[in-house]
Peer 1: 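Quick one: the structure is below, and I'll ask about it shortly.
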Amino acid sequence: MKKLFFFTLLLLLCMFVQAAEMGDVNNDGSIDIIDALSIAQHYVGLNPTNFDPSLADVSADGSIDIVDALLIAQCYVGLISCDFGGTEDNITVRARGTKGGEILELHVDGSIVGTWTMSTSYQDFTASATGGTIEVHFTNDDELENGMDIQVDYIIYDGVTYQAEDQEENTGVYIDGGCGGSYSDMLQCNGYIRFQVGPTSVPTETPTPVPGTPTPTGGTECVIPAMPSFSSLPEITELPNPFKFMEGSTMTSKADWTCRRAEISALTQEFILGKKEPVPSVTGSFSGSSITVNVTYNSKSISFSATVNRPSGSGPFPAIIGIGGASIGSFSGVATITFPNDEIAAQSDTGSRGQGKFYTLYGSGHSAGALMAWAWGVDCLITALEQTPSANIDTTKLAVTGCSRNGKGALVVGAFCDRIALTIPQESGSGGASSWRVSTYLKNQGANIQEICQIIGENCWLGKSIEQFCNHTNKLPVDSHSLIAMCAPRAVLIIGNDIDWLGPQSVLAASRAAHYVFEALGIPDNMGYSIASNHGHCSLPSSQTPDVNAFVTKFLMGGSSNTNIMRDDNNYSFDKNKWAPWSVPSLP
């Protein structure tokens, strides 16, 4: 009677289905009622013909039972999908070596499914396997003798991109004189970066925020919280605490900065700048003094060119990328690259929102304002430089600069492009290094200074989401000091002027507050500011030249110089109790 019940139940569920591997227990190329009957027969102790038990546990609960038979039946009549995970998926790893000759192995659930030798340009490596736990292994570390490392950009599994930031664990980072674990896209020792993929793993669309719990190897997992609604944001009159996580806890170690920084990134994208898209497929070519960057996304393509002026010598050369050009002078042994930002995202006025090559790929309604679109474009440019040795540029020693509106872009590029070693925004004003809160406060005191309500009516530099903060500045969950701090641990020098409209006192406040982050991380000399007076807009005075030279010498040329620069010619006051009343932690 028991057998008859199961057979009758299943025979009532007859229809055709598409072929799939898992569930096709009789290997006849289709999942159908015969498979369901075979599982039922196996369950009651019979011996069905051509039965393959390895394809029967479609519920993945470790046993073959009536639940599996019923799932097959439900799939058969169209109630559920017949994709039970048995087919293999393509897995693509995008990675490069720093020297060339590094060996990369791809492991899936403990099995090696691919082995490749790295070049110094990013390449895509593809294998087929059914995922779960994916590990990218570095296997032939030379123990620092020849500087062989692997940098992982992302993996793609089942059509879903998992950025290096989405890693579960990294065991191959050189830290404190030895090899161990840390949150990084680099494999500097024999070890692996692990990703958990599949239905239970959701890759991040924004850099990974919020507090992490240390892993056994010392790495950090960051968990993305839900972004708050505008209405739920509290009024905060002081500059938001850069050390305080969204859920209320405070950083207790330098390692926590990885997750706190990523949280600041997510909030900044959500409420101020719009989404930073990852770098899609990029190729580059170099001819004369120009690099051409070709970008493809979802079958759409764009290209743009950047002028590269290299010094004499053999190279490869460090380089300064100028957003629309540079006005900080030239430096011996350093190349300059002019990034065509207006071509990527127009900035004529508010009516130019959604215009430019970034929006050709991602749509005119994309949330990114022009500044964030430029940051994406610079990331694509750097990727092309990495792939184009003939450009003769050392992509590990890149700086970015720009003045005024392009200085706003330089700061955003430096904050969101991790391959920038040094950021020098010049006289960037509102939307750059000038604090939103301090500017609003000074405006209310009668100062002639630009703040949110004015800038959103001038141009399309920012995302549309910031418009809701006009007259509600204190609801912003982050401020410009947060954006400056995002450059940490990489170097940044803020260049200011005493022009009221640019908010020099506001720039000072944001710079001082950001400097506390660098102090807490034990790298105070990686961040400086220089606010000079009595000179024209975007005309670097001779008095500021040594400040810029010091940062370029140290962070691009690898030389020795004093970058403990906290200069304000106007002696503006900074009220820490008013603007930064939070404690600066002592972090191990």
Side-chain angles (χ1 to χ4, degrees), residues 1-93 104-116 124-137 155-162 168 192 194-203:
M1 183 63 69
K2 181 180 179 182
K3 299 176 186 177
L4 180 61
F5 169 76
F6 291 130
F7 295 164
T8 303
L9 173 65
L10 296 172
L11 284 170
L12 291 174
L13 304 173
C14 294
M15 290 176 62
F16 282 124
V17 298
Q18 296 282 326
E21 185 178 357
M22 180 64 77
D24 182 17
V25 298
N26 64 357
N27 286 292
D28 67 352
S30 64
I31 301 175
D32 53 25
I33 196 59
I34 303 302
D35 299 300
L37 288 172
S38 295
I39 293 174
Q41 288 176 321
H42 176 82
Y43 175 65
V44 298
L46 298 178
N47 186 23
T49 304
N50 297 326
F51 182 73
D52 185 345
S54 68
L55 302 177
D57 183 17
V58 294
S59 65
D61 63 358
S63 63
I64 301 171
D65 52 27
I66 196 60
V67 173
D68 300 302
L70 290 174
L71 287 172
I72 295 291
Q74 288 176 314
C75 126
Y76 185 57
V77 297
L79 295 178
I80 64 172
S81 169
C82 292
D83 183 4
F84 295 113
T87 57
E88 291 190 337
D89 296 284
N90 283 334
I91 302 173
T92 298
V93 180
L104 181 151
E105 288 182 354
L106 180 62
H107 294 219
V108 178
D109 291 336
S111 299
I112 300 174
V113 299
T115 302
W116 302 281
D124 292 341
F125 305 96
T126 301
S128 296
T130 300
T133 300
I134 295 177
E135 294 175 351
V136 179
H137 284 244
I155 68 168
I156 301 174
Y157 172 73
D158 196 19
V160 178
T161 299
Y162 297 80
E168 182 178 81
Y192 59 80
R194 175 184 292 157
F195 299 85
Q196 193 68 40
V197 302
T200 60
S201 177
V202 180

Peer 1: Which distance, rounded to the nearest 0.5 Å, do you find between the CG of L104 and the NE2 of H137?
Peer 2: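 The distance works out to 9.5 Å.
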Peer 1: Determine the sole option in V108, V93, I91 for which the side-chain contact (heavy atoms from CB on, under 4.5 Å) test with Y157 is passed.
Peer 2: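 For Y157, the side-chain contact (heavy atoms from CB on, under 4.5 Å) check succeeds only for I91.
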Peer 1: State, to 0.1 Å, how close A36 and A73 come at their nearest heavy-atom pair, and which atoms those are.
Peer 2: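 So the two residues come closest at CB-N, 4.4 Å.
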Peer 1: How far apart are the closest heavy atoms of S128 and N90, and which atoms are they?
Peer 2: OG-OD1, 2.8 Å
Peer 1: Which pair of heavy atoms, one from M22 and one from L55, lies closest together, and at what distance?
Peer 2: SD-O, 3.2 Å
Peer 1: Sort out for me which residue in N47, I64, V25 forms a side-chain contact (heavy atoms from CB on, under 4.5 Å) with H42.
Peer 2: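 Among N47, I64, V25, the one that satisfies the side-chain contact (heavy atoms from CB on, under 4.5 Å) with H42 is I64.
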Peer 1: State which residues pass side chain to side chain donor-acceptor pair (under 3.5 Å) with D124; sequence neighbours excluded, sorted by chain then number.
Peer 2: R94
Peer 1: Which heavy atom in F195 sits nearest to a heavy atom in V136, and how many Å separate them?
Peer 2: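 It is CE1-CG2, 4.2 Å.
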Peer 1: Flag the pair N26 / T49 as yes when at least one side-chain heavy-atom distance between them is below 4.5 Å, and no otherwise.
Peer 2: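 Not touching, per the 4.5 Å side-chain cut-off.
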Peer 1: Donor-acceptor pair, distance only, cut-off 3.5 Å: does the side chain of D24 make one with the backbone of G29?
Peer 2: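 Looks like yes, one N/O pair under 3.5 Å.
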Peer 1: I'd like to know whether L106 forms a side-chain contact (heavy atoms from CB on, under 4.5 Å) with F125, so could you lay out the CA-CA distance, the side-chain angles of the two residues, the decisive distance to 0.1 Å, and finally the verdict.
Peer 2: CA-CA 9 Å; L106 180 62; F125 305 96; over 6 Å; no
Peer 1: Which residues pass the side chain to side chain donor-acceptor pair (under 3.5 Å) test with S54, not counting sequence neighbours?
Peer 2: D52
Peer 1: What heavy-atom pair brings A69 and A40 nearest, and what distance separates the two atoms?
Peer 2: CB-N, 4.2 Å
Peer 1: Compare every heavy atom of D32 with every heavy atom of D35, then report the nearest pair and how far apart it is.
Peer 2: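 In terms of heavy atoms, the two residues are closest at OD2-N, 2.8 Å.
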Peer 1: Less than 4.5 Å apart, any side-chain heavy atom of F51 and any of I39?
Peer 2: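 Touching, per the 4.5 Å side-chain cut-off.
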Peer 1: Going by salt bridge (charged side-chain N to carboxylate O under 4.0 Å, His left out), name the residues that satisfy it together with E105, two or more places apart in sequence or in a different chain.
Peer 2: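 None.
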